[in-house]
Amino acid sequence: MTGKTKTRLDHLVIGAHTLEQGVAYVKRHLGVTVPFGGVHPKMGTHNHLARLGDDIFLEIIAINLAGEAPGRPRWFSLDERQMQQGLKESPRLISWVVNTPDIKSLLQDAQCSFGTPELISRGALTWHFALPSDGRLLGGGFLPYLIQWHDAVHPAGKMEDVGLRLKSLSVYHNNPQWLSGLLASVGADRLVKVHPVSGGELPGLRALFDTPGGEVELRS
């Protein structure tokens with residue numbers, strides 16, 4: 001396989017005002033405790049992580065107030081006042097990430113700007129991550145961030161298995177054809193189910209999990 005056919009769903013991102021709040025949210029809704037991951041010095045954030053399979057994982061992320069400010073906008077819109085006001089009320093699913101073995105080529109094929117690839121590290125892990133200069137959620141969270149890992153084995157394999165598995169990821173949007181076209185330009189249209197918004201539904205992400213207590217859906 002070549003090009004966009006190698007794009008894979010990498011991880012889901014739950015934003016939180018604090019990590020403690022995010023861990024409690026996942027425990028309450030999914031019935032599991034997600035262990036600590038590490039810190040991102042370049043981005044001024046830290047996280048908790050749990051595997052959802054051999055090559056996919058769940059991330060809880062928050063601003064690391066104990067660390068130095070990054071001198072740039074943090075990723076996932078975490079510096080935006082509206083985002084933090086919402087996360088103070090409750091953590092929520094805010095974004096998703098897809099991986100590729102060639103992020104530069106994938107970005108060249110993209111029909112909109114997915115950001116500029118930058119080298120990021122957390123402990124012994126290194127990766128390239130496409131970042132918009134203002135740190136915004138891509139397409140308000142409907143479009144994925146792009147990542148390229150620099151390890152032979154996907155890092156999810158070394159994360160703790162707390163009994164979660166992702167069954168499906170769905171996106172509800174007011175203009176599904178437009179969104180599907182942008183996703184197809186980076187090979188991500190195969191990875192999610194795109195639905196039109198109808199009735200009283202709100203646009204957003206919906207992730208369906210198998211948990212120790214049964215199926216549970218989280219929404220953005």
Side-chain angles (χ1 to χ4, degrees), residues 1-15 34 37-40 42-43 45-61 74-78 93-132 135-139 141-161 164-171 179-194 205 207-209 218 220:
M1 296 185 294
T2 60
K4 294 185 284 289
T5 59
K6 290 187 176 181
T7 303
R8 294 287 180 267
L9 187 57
D10 194 81
H11 65 278
L12 305 184
V13 182
I14 292 177
V34 177
V39 300
H40 311 108
K42 187 171 184 176
M43 300 307 301
T45 56
H46 51 178
N47 64 15
H48 280 234
L49 304 166
R51 63 186 299 181
L52 297 173
D54 292 337
D55 54 5
I56 184 172
F57 63 95
L58 178 69
E59 175 180 36
I60 303 169
I61 194 166
R74 292 176 174 89
W75 44 16
F76 304 115
S77 291
L78 289 176
L93 180 64
I94 59 172
S95 189
W96 55 300
V97 181
V98 299
N99 67 54
T100 172
D102 190 347
I103 195 169
K104 291 183 179 180
S105 294
L106 200 63
L107 287 167
Q108 290 175 352
D109 292 336
Q111 292 182 3
C112 68
S113 175
F114 281 79
T116 302
E118 296 191 33
L119 190 64
I120 310 289
S121 64
R122 181 181 63 78
L125 290 174
T126 60
W127 63 93
H128 272 93
F129 201 88
L131 290 167
R136 71 186 185 279
L137 286 177
L138 296 171
F142 294 100
L143 294 174
Y145 284 88
L146 308 182
I147 192 171
Q148 179 181 347
W149 293 102
H150 297 303
D151 299 87
V153 179
H154 194 280
K158 298 180 181 179
M159 296 175 190
E160 186 171 338
D161 190 342
L164 294 179
R165 292 295 182 269
L166 180 67
K167 294 199 69 175
S168 65
L169 178 63
S170 299
V171 182
L179 180 64
S180 294
L182 295 181
L183 293 175
S185 72
V186 292
D189 56 314
R190 304 171 288 103
L191 309 178
V192 296
K193 300 175 182 178
V194 179
L205 302 175
L208 183 64
F209 297 90
L218 294 185
S220 62

| task | Would you please test Ser121 and Thr126 for side chain to side chain contact (heavy atoms under 4.5 Å, CB included) and show each step? | result | CA-CA 4 Å; Ser121 64; Thr126 60; 4.1 Å; yes
| query | Taking it one step at a time, do Trp75 and Val13 satisfy side chain to side chain contact (heavy atoms under 4.5 Å, CB included)? | reply | CA-CA 11 Å; Trp75 44 16; Val13 182; over 6 Å; no
Contacts table for residues 142-153: side-chain donor-acceptor under 3.5 angstrom, sequence neighbours left out:
residue, atom, partner, partner atom, Å
Tyr145, OH, Phe76, N, 3.1
Tyr145, OH, Arg136, O, 2.7
Gln148, OE1, Ile103, N, 3.0
Gln148, NE2, Pro101, O, 2.9
Trp149, NE1, Asp10, OD1, 2.8
Trp149, NE1, Asp10, OD2, 3.4
His150, NE2, His128, ND1, 2.7

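- With sequence neighbours left out, the salt bridge (Lys or Arg N to Asp or Glu O under 4.0 Å) criterion links Arg165 to Asp161.
- Here Lys167 pairs with Glu215 under the salt bridge (Lys or Arg N to Asp or Glu O under 4.0 Å) rule; sequence neighbours left out.
- When all heavy atoms of Val39 and His46 are compared, the closest pair comes out as CG1-CB, 3.7 Å.
- Scanning all heavy atoms of the two residues, the minimum distance from Lys193 to Ser168 falls at NZ-CB, 4.3 Å.
- Contact detail for Gly141 and Leu205: the closest heavy-atom pair is O-CD1, 3.6 Å.
- Here the straight-line distance linking atom OG of Ser220 with atom CD1 of Ile14 works out to 11.0 Å at 0.5 Å rounding.
- With values rounded to the nearest 0.5 angstrom, Leu106 atom CG is found 7.5 Å from Lys4 atom NZ.
- Listed by first and then second residue, the salt bridge (charged side-chain N to carboxylate O under 4.0 Å, His left out) pairs that reach into residues 113-126 are Lys42-Glu118, Arg72-Glu118, sequence neighbours excluded.
- Under the side-chain hydrogen bond (donor to acceptor under 3.5 Å, both in side chains) criterion, His40 pairs with Thr45, Asn47, not counting sequence neighbours.
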| field | Audit row: His11, Leu49, side chain to side chain contact (heavy atoms under 4.5 Å, CB included) steps and yes/no | value | CA-CA 10 Å; His11 65 278; Leu49 304 166; over 6 Å; no
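- At least one donor-acceptor pair under 3.5 Å links the side chain of Thr7 to the backbone N or O of Val186.
- Partner of Leu138 under the side-chain contact (heavy atoms from CB on, under 4.5 Å) criterion, out of Ser95, Ser77, Pro132: Pro132 alone.
- Here the CG-CG distance, from Leu9 to Leu191, works out to 6.0 Å after rounding to the nearest 0.5 Å.
- Judged as a side-chain contact (heavy atoms from CB on, under 4.5 Å), and not counting sequence neighbours, the contacts of Ala207 are Leu12, Leu93, Leu166, Leu169, Phe209.
- The side-chain heavy atoms of Val192 and Val194, taken from C-beta on, include a pair separated by under 4.5 Å.
- For His48, there are no side-chain hydrogen bond (donor to acceptor under 3.5 Å, both in side chains) partners, not counting sequence neighbours.
- For Lys158, there are no side-chain contact (heavy atoms from CB on, under 4.5 Å) partners at least two apart in sequence or on another chain.
- Contact record, Ala110 with Ser185: CA-OG, 3.6 Å, taken as the closest heavy-atom pair.
- When every heavy atom of Pro117 is checked against every heavy atom of Leu107, the shortest pair comes out as CD-CD1, 3.4 Å.
- Every residue meeting the side-chain hydrogen bond (donor to acceptor under 3.5 Å, both in side chains) condition with Ser105, not counting sequence neighbours, appears here in chain and number order: Asp102.
- Scanning for salt bridge (Lys or Arg N to Asp or Glu O under 4.0 Å) contacts around Arg51 gives Asp54, with sequence neighbours left out.
- Scanning for side-chain contact (heavy atoms from CB on, under 4.5 Å) contacts around Asp189 gives Leu183, Ala184, with sequence neighbours left out.
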